[in-house]
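Structure first, then comments.
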Amino acid sequence: MLVIRPLQENDLDDLYTMAQNAGKGLTTLPADRELLEKKISHARETFNQRCAPEAGLYLFALEDTQRKKAVGISGIQARVGLDEVFYNYRLSVAVNASKELGVHVRTPTLHLSNDMTDTSEICSLLLSDEYKGGGNGLLLSRCRFMYLDDFHKHFSEKVFAEMRGVSDGQGRSPLWDALGAKFFDMEFSEADMLSGLGNKSFIAELMPKYPIYLPMLPDSARAVISRVHGNTAPALRMLQAEGFNFNGLVDIFDGGPVVEAFVHNIRTIRESINRHAMVIRKSVNLDVPADERVMVSNRSFRDFRVTTLPMHCIGPDTVSLPPEVADALQVESGDPVRLAPLKESGMLTKHIYRSSVPGGASKWQS
Amino acid sequence: MLVIRPLQENDLDDLYTMAQNAGKGLTTLPADRELLEKKISHARETFNQRCAPEAGLYLFALEDTQRKKAVGISGIQARVGLDEVFYNYRLSVAVNASKELGVHVRTPTLHLSNDMTDTSEICSLLLSDEYKGGGNGLLLSRCRFMYLDDFHKHFSEKVFAEMRGVSDGQGRSPLWDALGAKFFDMEFSEADMLSGLGNKSFIAELMPKYPIYLPMLPDSARAVISRVHGNTAPALRMLQAEGFNFNGLVDIFDGGPVVEAFVHNIRTIRESINRHAMVIRKSVNLDVPADERVMVSNRSFRDFRVTTLPMHCIGPDTVSLPPEVADALQVESGDPVRLAPLKESGMLTKHIYRSSVPGGASKWQS
Amino acid sequence: MWLVRPAQPDDLDQILAIAGTQSARLSSTLPKQSDALAYKIEHSLASFAGKISTEDDPPRFLFVLENTGTGEIVGTAGIDARAGNGQPFYNYRRDALIHASHELGVSRRVEVLYPSHSLTDNTLLCSFSIRPELRESDAFELLSRARILFIADHREWFTQRVTVEIQGVQLDSGSVPFWDSLGRHFFDMDFETADQYSGQLSKTFIAELMPPNPIYVTLLSEAAQEALGQPHPMTVPNFELLQREGFQPGCYLDIFDAGPVLEARTDSLRTLVTSHPKSLHAANRDLGETCLIAAGERDQFRCTLTPVSETLEDTLKVPVNTWKVLNKTAGDRVRIAPL
Amino acid sequence: MWLVRPAQPDDLDQILAIAGTQSARLSSTLPKQSDALAYKIEHSLASFAGKISTEDDPPRFLFVLENTGTGEIVGTAGIDARAGNGQPFYNYRRDALIHASHELGVSRRVEVLYPSHSLTDNTLLCSFSIRPELRESDAFELLSRARILFIADHREWFTQRVTVEIQGVQLDSGSVPFWDSLGRHFFDMDFETADQYSGQLSKTFIAELMPPNPIYVTLLSEAAQEALGQPHPMTVPNFELLQREGFQPGCYLDIFDAGPVLEARTDSLRTLVTSHPKSLHAANRDLGETCLIAAGERDQFRCTLTPVSETLEDTLKVPVNTWKVLNKTAGDRVRIAPL
């Protein structure tokens with residue numbers, strides 16, 4: 001069975017292997033053992049509420065319970081830009097017009113921005129290749145939304161994700177080559193790595209501070225601004241389906257877009273429902289297609305667990321859990337659980353008779 | 001009866017009187033006969049589709065049909081910033097931090113922005129004092145959302161409104177005194193007037209172009225940035241209830257906020273339903289409280305008409321219209337009409353058995 | 001003989017003919033339209049007559065170079081008493097920021113062009129044009145330097161510093177690398193059109209269209225970067241003449257073509273420093289060192305080249321022919337400067 | 001006698017005592033911490049010895065003023081061969097834009113402070129401090145000008161232009177109007193703290209905390225606007241001395257207190273121009289005009305005041321007592337400059 005749970009100290013080896021296989025481009029999880037160890041320890045402090053809420057780093061592992069192995073990771077950073085400065089470019093338009101001469105020119109312009117400061121970020125998504133498909137990526141990503149809503153006091157009203165920008169097979173970024181490289185005396189991968197290691201004063205020191213007028217950049221660079229890397233396109237579509245929108249900010253290095261949503265507007269949250277667990281004896285075939293399954297979470301802050309379950313297990317007030325699922329979630333009969341669709345379509349609808357999620361579906365009924 | 005209809009040439013006198021009584025602060029409708037005449041003529045061209053869609057100016061009158069008098073006006077500008085440059089300040093945050101010294105400072109900063117360029121604006125709301133209350137203001141404002149959605153191809157996906165900022169009884173704006181006045185050699189009212197008359201090159205010439213760091217402005221000025229004038233607070237609440245949010249932009253002169261919404265997310269639109277008109281003989285008491293009435297529109301582009309009707313007139317597939325309402329709307333039995341709540345609460349819900357509005361309520365059912 | 005004198009209404013057609021044969025860059029101060037030029041001549045005459053205040057619409061002087069033998073006009077030169085003529089005078093100021101990271105051991109000089117109005121209200125030499133065949137002649141030098149002699153005799157009309165813009169790089173194809181890399185994106189017109197508009201009095205269109213933020217040089221095209229501060233090859237004789245006069249290129253560039261903007265302290269200009277007032281006397285012979293000689297106040301100003309046979313403490317002996325050209329007679333005050 | 005010589009490790013405690021009694025502004029180049037000062041002296045000695053390259057960590061020289069009678073140190077003065085010491089040297093450049101509307105007939109001069117690194121790598125005079133009671137004395141002048149004589153004799157170590165920062169306005173209460181109106185908002189610390197940090201070698205914190213955009217002067221407090229380019233009253237003697245030396249205030253201001261930054265061409269400095277190398281000879285009497293006299297290369301440099309009884313083409317007669325202070329003997333080369 002595949003279960004989401006908080007990342008633990010003994011996941012280090014698995015995490016390091018995943019980071020190594022992921023290659024470049026994942027700045028929040030570089031393949032650096034020491035750094036990963038720090039991140040795990042930071043996440044442990046967070047789940048145990050031993051660090052300030054705004055400093056929280058929530059990292060979840062996807063565990064294959066048969067193999068007792070972490071095969072995926074995803075995270076939420078409670079607030080960005082509090083320790084380090086968080087930079088983006090804002091893609092803005094400058095209009096210059098002369099009525100007298102009948103000239104009207106719009107110039108897309110990049111302004112250095114720290115506007116995401118103090119906002120919660122969903123980050124660090126990584127899934128082992130052998131586990132890709134079958135809805136595992138959706139589970140890894142969407143489980144976070146249930147957590148965000150259940151513990152919304154720990155997070156901002158709005159949440160965002162930075163999407164990886166365009167680069168080629170060799171990791172060359174057209175925007176970096178046209179812009180960053182002219183100011184930073186290094187390769188894209190090196191800048192990306194430095195930034196991922198949390199060393200950002202070099203950005204304050206070397207970054208151009210005045211706005212960049214896009215017509216002065218080559219077509220190849222302009223073309224990639226606010227566009228995502230081919231590998232990231234499915235992730236973007238998933239977030240768009242959740243109600244995330246491009247907010248006008250892009251990555252300062254590769255031009256990848258930032259997408260954001262109000263937590264209460266995220267579809268997983270709007271379409272989720274609460275039930276009480278009812279542990280049953282009868283065995284259930286868990287191995288059904290992703291679009292017939294729902295996510296089920298134990299709503300625990302310290303030991304958040306999520307797995308999937310066939311939709312037909314949902315009853316009017318309860319959800320039937322076979323013992324192994326109840327075990328994996330660490331719940332007993334009568335405990336509250338939260339359910340949300342795993343795949344796009346609103347197939348959960350027909351199973352719902354009553355919704356008790358605050359800010360959930362009922363608000364939209366008409 | 002009070003009916004919304006397109007503004008006409010013979011409304012000039014009524015409009016001029018309203019503009020005169022409105023006093024300062026309504027930059028889009030100054031009490032200038034010639035200018036108002038131009039606006040009416042522009043609106044006539046728009047409704048008759050004799051001007052380019054992006055140049056459209058849709059002005060609606062609220063007519064008291066007994067007195068044959070225009071007693072209110074509201075408008076939609078199809079696209080701003082195409083003829084003149086459209087300026088705002090973007091309220092952004094600049095973070096400066098030194099890890100070494102343990103310093104972390106957030107500096108709210110105003111950046112000159114033209115980011116609303118090419119977006120539809122709802123504007124020019126004006127209602128005679130004697131007609132205030134009883135839902136007339138709501139009708140005048142909300143009728144526009146039905147128009148925006150029915151003819152969405154003529155408008156942008158997003159729509160915004162500029163809210164009047166804080167000024168005192170003498171029309172003095174704290175932000176203007178602290179910022180504008182230092183660069184423009186004139187009074188707030190004069191700058192506001194010049195800008196309203198459509199003369200904006202003086203802004204390009206005199207406006208400070210570099211960002212303004214807010215800590216350098218006095219408290220009185222900082223305090224009003226993104227805040228609305230007391231008189232405008234109800235209008236802001238109404239728009240917020242519709243789903244409009246502050247988008248980070250403020251007026252360059254008085255600091256009033258810009259609020260925006262995706263058209264498909266506006267509550268009036270989400271909660272509106274379509275019916276077929278059924279003209280009835282039986283007389284209906286139209287004079288019921290605002291929260292028992294709904295708006296009903298004839299869905300006509302050229303001769304858009306909206307009035308209100310008691311909710312109980314709504315049937316499963318049709319809506320019953322007494323003859324005088326059918327007359328006012330210029331519809332006959334069988335014609336399609338659109339209904340939407342006049343007041344906040346979702347009281348329309350219970351009258352709905354089937355929704356046929358594209359992008360409307362059904363999408364959200366669960 | 002060659003004579004430099006204030007432009008007159010009758011010169012209009014001949015000046016237009018010169019403006020038509022000149023390169024584009026000239027147009028920014030010498031209009032190619034008859035109406036505009038007629039107004040410029042009229043305003044110049046009022047300026048020479050001392051009827052123009054410096055405040056709202058400051059004096060602008062237009063001189064012509066005349067072949068007194070034929071009456072033909074073969075060149076023009078101008079002075080704007082206050083650059084910008086009451087409005088901003090736009091330049092880019094070329095400067096650099098140091099982007100350095102102590103920790104990474106990186107230090108980089110980042111060149112930036114800042115929009116600047118700092119030269120506004122300096123006295124400006126402008127509208128210089130001459131028939132191509134005269135470009136290497138003494139007449140060329142006479143036309144350019146006569147203005148300095150005029151300044152010397154009307155010093156109170158002019159400011160402490162004098163500025164002159166030199167045409168920048170333009171390829172044979174007519175394209176201007178700096179414009180193509182920068183201005184074109186914002187003004188949405190070709191270089192000639194922009195240049196033409198900038199010769200008009202209202203600079204509103206520049207305030208409206210010019211990007212207000214500093215420009216990073218490294219983001220310009222290579223050709224544009226190479227053109228920064230470079231004079232057009234055609235202007236080299238003029239550039240050199242002005243440098244001999246004491247003008248130095250500083251950190252300012254033209255906003256359209258990035259040509260160099262030269263500056264000098266008015267009171268240090270070589271022609272001004274080396275010139276002397278003398279009283280006019282007759283020479284017997286047409287021989288001697290060729291000098292610049294100027295005479296006449298305000299609209300009576302004349303300047304020509306003359307052989308000087310003898311120059312004493314306060315007197316100067318030159319051929320009577322020179323007297324005639326200058327409209328002067330024995331004992332009159334003149335100003336002389338070595339060529 | 002008063003002697004200016006390179007600071008030595010043994011001078012540490014006495015220099016700290018002086019630094020402690022001085023006003024805050026000094027700290028930016030003269031550290032108040034023992035460790036930092038010890039390093040500065042060590043680096044200075046290596047610089048005097050010619051062991052420091054100009055590239056990564058350029059030479060910085062620290063001189064002291066000693067009362068040779070008592071061995072007491074009563075003042076310090078420094079030269080940084082390259083302002084910024086390999087990192088950006090921060091200033092504000094004060095400039096103006098013209099905001100004008102042709103149509104409205106409005107024209108307004110808008111003053112702007114631009115962050116600037118233009119003075120980076122200029123030679124910088126710094127670390128000047130002296131006991132208050134000596135502020136009007138010849139010793140004061142000796143201490144300041146000895147540096148110019150050092151530059152004259154080691155010209156190749158220094159650049160074409162020399163810069164010196166003058167302390168800006170600080171009220172008796174200790175508050176600095178310019179800092180309170182601008183820097184405080186961004187650095188989130190008091191003036192003394194910022195000033196202290198800026199004396200440290202890494203300027204990373206300035207890159208991190210200083211607002212990168214230009215500042216509109218009209219938005220500063222009135223007190224801050226009045227303080228722009230104004231020297232602190234206490235620095236007036238020094239300011240005047242430097243102006244006599246040929247330093248001029250330009251458009252640059254200190255980023256913390258808006259004090260004026262003075263600039264001069266190195267080769268035009270009065271002490272450098274009016275000084276002459278001579279060979280040393282004995283005078284019989286202790287009489288004559290008092291002059292500055294310097295001798296000794298690199299770490300052997302010494303400078304004092306001496307009466308000069310006679311000065312011929314290449315020889316100079318001064319009392320033997322002066323020889324001793326300079327560590328020189330008959331026939332040795334010295335450099336002399338009038339007081």
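Numbered from 1 within each chain, the chains take letters A, B, ... in sequence-line order.
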With a 4.5 angstrom heavy-atom cut-off, is it the side chain or the backbone of [X] that approaches chain C, or both, or neither?
X        : value
A:Ala181 : backbone
A:Ala204 : neither
A:Met207 : backbone
A:Tyr213 : side chain
A:Ala97  : backbone

Subject >> Side-chain donor/acceptor of A:Asn96 to backbone N/O of C:Glu208, under 3.5 Å >> reply: yes
**OP:** Indicate yes or no for a side-chain donor-acceptor contact from C:Tyr216 to the backbone of A:Phe183 under 3.5 Å, with no hydrogens or angles considered.
**Re:** no
Subject >> Option in C:Leu209, C:Asp188, C:Val110 with maximal non-hydrogen atom pairs under 4.5 Å from chain A >> reply: C:Leu209
Original post:
Mind checking whether C:Leu182 and A:Met216 have side chains closer than 4.5 Å, heavy atoms only?
Top reply: yes
Subject >> Residue pair C:Met189 / A:Leu101, side-chain heavy-atom distance below 4.5 Å >> reply: yes
Original post:
Between atom CG of A:Leu206 and atom OG of C:Ser107, what is the distance when rounded to the nearest 0.5 Å?
Top reply: 9.0 Å
Subject >> Gap separating the CD atom of A:Glu190 from the CG atom of C:Leu104, nearest 0.5 angstrom >> reply: 8.0 Å
**OP:** Apply side chain to side chain contact (heavy atoms under 4.5 Å, CB included) to the pair C:Phe187 and A:Val103, showing each step before the final yes or no.
**Re:** CA-CA 7 Å; C:Phe187 286 78; A:Val103 174; 5.9 Å; no
Original post:
Side chain, backbone, both or neither: which part of C:Leu220 has a non-hydrogen atom closer than 4.5 Å to chain A?
Top reply: both
**OP:** Sort C:Met210 into side chain, backbone, both or neither according to what part of it lies under 4.5 angstrom from a heavy atom of chain A.
**Re:** backbone
Subject >> Residue pair C:Arg108 / A:Lys182: nearest heavy atoms and the distance that separates them >> reply: NH1-O, 2.9 Å
Subject >> Nearest atoms (heavy-atom pairs only) where C:Glu103 meets A:Ser201 >> reply: OE1-OG, 4.0 Å
